[in-house]
Amino acid sequence: MNRIKRGEGPWQAAASRDGMTTVLHISADGGKTWQRLDENLPPVRDIYDIEQAGGNLFCSCDTGVYRSSDWGKTWELVLPSDGEKPIELAVSGKVIYEIGRASCRE
């Protein structure tokens with residue numbers, strides 16, 4: 001999957017060189033330069049969403065939802081994944097909401 005739904009933020013995700021994990025970057029200059037945002041985020045296969053609420057960043061990935069209050073220098077797991085469905089995030093002011101998507105099965 002390796003995608004971030006939100007196109008408004010200054011971040012992007014891409015597969016690592018080994019193709020096994022996803023790396024997260026942020027740009028402060030409109031995409032001219034990029035810095036790693038996931039140095040201390042545990043290895044993840046898929047990043048589903050990233051949102052800012054107040055002074056915190058929230059990253060939803062295959063292992064759960066992580067919070068960073070220092071722009072990605074450190075991350076804390078705040079909601080482990082149930083392994084069943086991706087978690088999308090929504091923000092209203094300084095409040096963040098978790099939106100679980102239903103799994104599709106044929």
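By convention here, the first residue in the shown sequence is residue 1.
Remark: side-chain polar atoms of S60 are not paired, donor with acceptor, to backbone N or O of D49 under 3.5 angstrom.
Between C59 atom SG and Q52 atom CD the span is 13.5 Å, to the nearest 0.5 Å. The line from CG of N56 to CG of D70 is 9.5 Å long, rounded to the nearest 0.5 Å. To the nearest 0.5 angstrom, R67 atom CZ is 11.5 Å from L79 atom CG. The structure places CG of N40 at 12.0 Å from OH of Y66, a figure rounded to the nearest 0.5 Å. Note that CD of Q35 is 7.0 Å distant from CG of D29, once rounded to the nearest 0.5 Å. Here the straight-line distance linking atom OH of Y97 with atom CG of L89 works out to 12.5 Å at 0.5 Å rounding.
Scored by the side-chain hydrogen bond (donor to acceptor under 3.5 Å, both in side chains) test, D62 finds no partners at all (sequence neighbours excluded). For S69, there are no side-chain hydrogen bond (donor to acceptor under 3.5 Å, both in side chains) partners, not counting sequence neighbours.
Nearest heavy-atom pair, K94 versus G54, reported as atom, atom and distance to 0.1 Å: CG-CA, 4.0 Å. When all heavy atoms of L77 and V65 are compared, the closest pair comes out as CD1-O, 3.5 Å. Considering all non-hydrogen atoms of both residues, I96 and A53 come closest at CB-CB, 4.2 Å.
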- Message: If you apply the rule side chain to side chain contact (heavy atoms under 4.5 Å, CB included), what do you find for W75 with L57, and how did you get there?
- Response: CA-CA 9 Å; W75 292 93; L57 288 178; 4.1 Å; yes
